[in-house]
Amino acid sequence: MLPALACGLLVACEIGAEPRLLSRAPAPPREAPAPGPTPSPPRVGEPPAPAVRPRVMPSLPERTRANQALAEKLGAPGATVDDPCVEQGAQGCARTALSPWFESLDALASGLASGPSVIEAFGNSLIAGDRIVDIIRDDLGAAFGTAGRGILLVDRMAPYGGRGRTGMSKGGWQPRTLGELRAPPHRFGVTGVYHVATEARARSRFKLEGETRGTLWWLDAPKAGGFSVVSGDQVLARTEPTGSGEPRSTHFTLPEGATVVDIVAEKGAVAQGVVLQHARPGVILDMLGVPSADATLYARLDDAALRAQLAERDPRLLLFFLGGNESKRLEWKRTDLDTLRTDLRALLRRARAAAPGSACMVVGPMDAVRDTKADGKKPFTQRPFLEAVVAAEREVTTAEGCAFFDLYSAMGGKGALARFHQAGFMHDDLVHPRGRGLDVLGHLVTDALLRAWVAAPQGRRVAALTPAAAPPAAAPERTVEAAP
């Protein structure tokens, strides 16, 4: 692995380095809704409108209050979400960019949802260790219920780090990611990662948490072996590879009382991910972060896989944590702002075309400083293109009808990274936060999302959390070369 990629993978250690106990319980009992105006009776022949709860901020658990207190101590004031209007009504804005997500929360809060509300979180090494999105996942789950772990990998993305979002394996898998210098030989699904079985009967075991259903995403690569899905002595599913080169999905039902499920691969088999979840309502957050990723490298996602897998997940919110690698590559003169705008616009359009019922939000880069060790310059000098990246992302995001969250301003703007470092919340590379610094960043995002939900105009529409229609035909894949 190249040094730059290894540096980017540092954050993967955060899963196992400092374990945190996250609540996995469903949402607490719901209180009765606050009194409001009496609705008009339905017209003759019309079904009554569903009762939607008035929006209020969820009560804060002790851990969330502690993160808020730490944010204030670090001078991180938070920020509001830029949520542009996408549909005007007779009395002002009828729908904003985040309305599909807000409506899904309304359905969960009112007890009207019939299935999970899924978030797909794409991004770079800032979220690849899963700790930032752990906070978002856990806080939303505490408020609205949880519906399972969602997308997992059969093994880690590197030979080190924790396994909070992977199966348990003793080897036999070779990981490849879209963040590598040159494009690997096989196509990527939404995870941006695949694992090739390097030996016969390579195995990955997942401990179950009561999940009832699962899916194996695999690539039908030429001359590749197949998979078996096994629980105890019961074979739940087998794949039938044909060498078509197409992404495939194999669904399976988990036996009642099962405690583990194994993915067993023949040599050469290519696994793109495993989905484990419940059928009940609640929030699922799929972590899709890849070290070294930027909007340009996300063009390596195979369009057929992107459309098919997002159609299966049927998300209500697409999250993109991008900008940190773009600011570095601008400083190194390996990209430019026009390319940044073009590639971010293309990524948003591809993802939204694959998930047309979803809201979308881009989270901008955190504060960043130049690498001054080599040139002897003053430490903690801000990266020269950082604020330009924030402005460009805000411009593209708003134009594409997506929301934008300025993480740089939320954590305190220029000088915030130095404060995090002084408090012991930065790795020595001065790029990746660590420990509770990551918790604070996750809290800033969740807090802003929930405040935007409460403040947004509330209509009577409630999201129907049902499977999406079949995806449209795939478009040709764009090929890119990575900047290290």
Side-chain angles (χ1 to χ4, degrees), residues 11 14-15 17-23 56-83 98 119 121 123-144 283 285 287 289 319-324 361-369 380 382 386-387 390 393-394 403-427 430-455:
V11 72
E14 289 291 345
I15 305 173
E18 299 178 48
R20 294 184 304 111
L21 296 177
L22 299 179
S23 60
V56 294
M57 281 292 287
S59 58
L60 301 179
E62 177 58 34
R63 175 182 50 76
T64 303
R65 291 196 295 270
N67 286 335
Q68 177 60 35
L70 181 56
E72 294 171 0
K73 183 177 179 180
L74 291 170
T80 58
V81 174
D82 293 347
D83 186 17
L98 289 176
I119 305 172
N124 50 34
S125 59
L126 187 63
I127 67 166
D130 208 37
R131 186 154 176 168
I132 285 179
V133 289
D134 257 346
I135 292 293
I136 301 172
R137 181 188 297 115
D138 202 52
D139 282 354
L140 292 176
F144 300 100
V283 174
L285 195 158
M287 196 289 294
L319 272 179
F320 301 89
F321 290 78
L322 296 169
M361 185 172 90
V362 173
V363 179
M366 60 176 280
D367 189 25
V369 297
F380 298 105
Q382 188 184 57
L386 177 61
E387 295 184 5
V390 173
E393 288 191 340
R394 189 193 305 271
F404 181 75
F405 181 66
D406 186 351
L407 183 60
Y408 166 66
S409 295
M411 68 184 294
K414 186 175 182 179
L417 187 140
R419 294 193 293 276
F420 273 61
H421 175 68
Q422 290 165 3
F425 297 142
M426 293 296 300
H427 280 288
L430 298 182
V431 173
H432 298 100
R434 62 183 299 169
R436 292 199 60 203
L438 290 163
D439 296 353
V440 167
L441 297 182
H443 167 72
L444 294 173
V445 177
T446 312
D447 183 67
L449 271 173
L450 290 174
R451 292 185 185 281
W453 170 63
V454 172

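Between the side chain of R394 and the main chain of F404, no donor-acceptor pair closer than 3.5 Å is present. A donor-acceptor pair under 3.5 Å is formed between the side chain of D83 and the backbone N or O of L98.
In this structure, the side chains of L140 and L450 come closer than 4.5 Å at one or more pairs of heavy atoms. By the 4.5 Å heavy-atom criterion applied to side chains, V81 and M361 are counted as neighbours.
R451 pairs by the side-chain hydrogen bond (donor to acceptor under 3.5 Å, both in side chains) definition with D447, not counting sequence neighbours.
Smallest separation of non-hydrogen atoms from P365 and L386: CG-CD1, 3.7 Å. Contact record, L70 with R436: CD2-CZ, 3.7 Å, taken as the closest heavy-atom pair. When all heavy atoms of I136 and F321 are compared, the closest pair comes out as CD1-CZ, 4.0 Å. A121 and L285 make their closest contact through CB-CD2, 3.8 Å (heavy atoms, listed as atom of the first residue, atom of the second, distance). Shown here for L126 and P433, the closest heavy-atom pair between the two residues is CD1-CD, 4.0 Å. Taking all atoms of both residues into account, the shortest heavy-atom contact from G442 to I135 is C-CG2, 3.7 Å.
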(message) For V440 and F425: C-alpha separation, side-chain torsions, deciding distance, then whether side-chain contact (heavy atoms from CB on, under 4.5 Å) applies.
(response) CA-CA 10 Å; V440 167; F425 297 142; 6.0 Å; no
(message) Please evaluate residues F420 and M411 with respect to the criterion side-chain contact (heavy atoms from CB on, under 4.5 Å), reporting the C-alpha separation (whole Å), side-chain torsions for both, the decisive distance (0.1 Å), and the verdict.
(response) CA-CA 9 Å; F420 273 61; M411 68 184 294; 3.9 Å; yes
(request) Could you walk me through whether V445 and V133 pass the side-chain contact (heavy atoms from CB on, under 4.5 Å) test, one step at a time? (result) CA-CA 9 Å; V445 177; V133 289; over 6 Å; no
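Using a 4.0 Å cut-off between charged nitrogen and carboxylate oxygen, D439 and R63 do not count as a salt-bridge pair. Under a 4.0 Å N-O distance rule, the pair D134/R131 does not qualify as a salt bridge.
Between D130 atom CG and R137 atom CZ the span is 4.5 Å, to the nearest 0.5 Å. To the nearest 0.5 Å, the span separating CG on L441 from CD1 on I132 amounts to 4.5 Å. F405 contributes atom CZ, which lies 8.0 Å from atom CG of L449 (distance to the nearest 0.5 angstrom). The distance from atom CE of M426 to atom CG of L417, rounded to the nearest 0.5 Å, is 4.0 Å. Annotation: the span from Q382 atom CD to Y408 atom OH amounts to 4.0 Å, rounded to 0.5 Å. With rounding to the nearest 0.5 angstrom, the CG atom of L430 is 11.0 Å from the CG atom of D367.
Counting only residues at least two apart or in different chains, side-chain hydrogen bond (donor to acceptor under 3.5 Å, both in side chains) contacts with residues 409-424 comprise D406-S409.
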